[in-house]
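Counting from 1, the numbers follow the sequence of the chain as shown.
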Amino acid sequence: MTKLIHLIFCALLGYTAWLQLNDPDPLFWVTLYLLAAAVPFVRMLSLGGGIGSKTTGVAAGYCAAGILMTLPGGVEYLNHITSESLIQGMSPTKPYIEEARELIGTVFAFFVVVAYWVVDSLKLQRRSDYFA
C-alpha cells in the first residue's frame, strides 16, 4: 500500500512536470516538479537515508523559491477573484492568473515534500527512541 502512495505522488508530480513543458519558462518549473517527484520516487525504491534527505532538502528549497516567486501574483489574483477565473488562457495583461496557478501547483508540491520530510523525521525519532 505504501509503495502505491509513493507511485501516485510520483506520477502526479511527474505529470505536472510534463505539463510545464509548454510554459514560457519551462526549465524552472519542470525542474521543480521533477525534484518534488523524486522524493516519493526515492522512497518507493527504498533509497531513504542520505540520498532521501538530500533529495527532500533540495526539493523543499526549490519549492520554497517557487512559492516566493509566485506569491505576489497569487495575492494580486485574490484582488480579482470575483471577476477573473483561473481557467482561461495566459494574457500579458493578466500575469497574476498564471502566477496564481503556478502558486497552487507549487504549494501542492511543497506539501508533498514536507509530508515526506515529516514522516522521515518521525521514523528517525522512533529509531533513536528504540535504541536509547
Side-chain angles (χ1 to χ4, degrees):
M1 180 66 174
T2 306
K3 289 200 186 251
L4 179 63
I5 292 169
H6 298 322
L7 181 64
I8 289 170
F9 280 132
C10 183
L12 240 154
L13 291 163
Y15 178 68
T16 306
W18 180 77
L19 289 175
Q20 296 300 315
L21 290 174
N22 71 349
D23 200 83
D25 52 348
L27 184 62
F28 179 82
W29 298 106
V30 170
T31 304
L32 182 144
Y33 289 113
L34 287 178
L35 281 169
V39 173
F41 183 74
V42 165
R43 297 319 184 286
M44 185 173 63
L45 297 178
S46 300
L47 298 174
I51 189 170
S53 61
K54 288 177 185 160
T55 305
T56 304
V58 171
Y62 221 84
C63 288
I67 289 170
L68 289 175
M69 285 174 32
T70 57
L71 192 58
V75 170
E76 185 177 347
Y77 172 73
L78 292 176
N79 293 327
H80 302 279
I81 197 166
T82 57
S83 61
E84 301 287 347
S85 170
L86 285 177
I87 307 171
Q88 59 180 290
M90 293 190 327
S91 167
T93 61
K94 302 173 187 175
Y96 53 85
I97 292 174
E98 177 64 14
E99 289 177 2
R101 290 190 290 227
E102 288 172 340
L103 177 63
I104 292 167
T106 306
V107 167
F108 169 74
F110 185 70
F111 279 140
V112 169
V113 170
V114 168
Y116 275 90
W117 176 76
V118 168
V119 168
D120 286 349
S121 296
L122 291 174
K123 285 181 184 177
L124 285 174
Q125 181 63 39
R126 280 191 219 130
R127 270 191 229 136
S128 65
D129 289 347
Y130 178 76
F131 289 110

Inset, instruction - Please round to the nearest 0.5 Å and tell me the distance separating atom CE of M69 and atom CG of L32. - result: 8.5 Å

Inset, instruction - Treating Ile, Leu, Val, Met, Phe, Trp and Tyr as nodes and any side-chain heavy-atom pair under 4.5 angstrom as an edge, say whether I67 and I104 lie in one connected cluster. - result: no

Inset, instruction - Heavy atoms only: give me the nearest G73-E99 pair and the separation to one decimal. - result: CA-OE1, 2.8 Å

Inset, instruction - Please report the shortest heavy-atom distance between A37 and L13, naming the atom on each side. - result: CB-CB, 3.6 Å

Using atom types as modelled, flag every donor-acceptor pair under 3.5 Å from a side chain in residues 106-118 to any protein atom, sequence neighbours excluded.
residue	atom	partner	partner atom	Å
T106	OG1	E102	O	2.7
Y116	OH	H6	ND1	2.7

Legend entry - Heavy-atom closest contact (P95 atom, T93 atom, distance): CD-C, 3.4 Å

Inset, instruction - Mind checking the CH2-OH spacing from W18 to Y33? Nearest 0.5 Å is all I need. - result: 15.0 Å

Inset, instruction - For L71, check side-chain contact (heavy atoms from CB on, under 4.5 Å) against everything at least two apart and list the hits. - result: V75, L103

Legend entry - Contact summary for F41 and C10, nearest pair of heavy atoms: CB-SG, 3.7 Å

Inset, instruction - Indicate whether the side chain of T56 and that of R43 have a donor and an acceptor atom separated by less than 3.5 Å. - result: yes

Inset, instruction - For residues 71-89, pull every pair meeting salt bridge (Lys or Arg N to Asp or Glu O under 4.0 Å), keeping only residues two or more places apart or in separate chains. - result: E84-K94

Legend entry - Residue L27 excluded, over 12 heavy atoms near CG under 6.0 Å: no

Legend entry - Atom pair CZ (R101) and OH (Y96), whose distance is rounded to the nearest 0.5 Å: 11.5 Å

Inset, instruction - Inspect the surroundings of CG in L21 and state if more than 12 heavy atoms from other residues, nucleotides or ligands are less than 6.0 Å away. - result: yes

Legend entry - OG1 on T2 to CG on L7, rounded to 0.5 Å: 12.5 Å

Legend entry - Least distance between heavy atoms, I97 atom then Y77 atom: CG1-CD1, 4.3 Å

Legend entry - Residue pair P40 / F9: nearest heavy atoms and the distance that separates them: CG-CB, 3.9 Å

Legend entry - From OG1 (T16) to CG (L34), nearest 0.5 Å: 10.0 Å

Inset, instruction - Decide whether V30 and L35 are clustered together by the hydrophobic rule: side chain heavy atoms of Ile, Leu, Val, Met, Phe, Trp, Tyr closer than 4.5 Å, transitively. - result: no

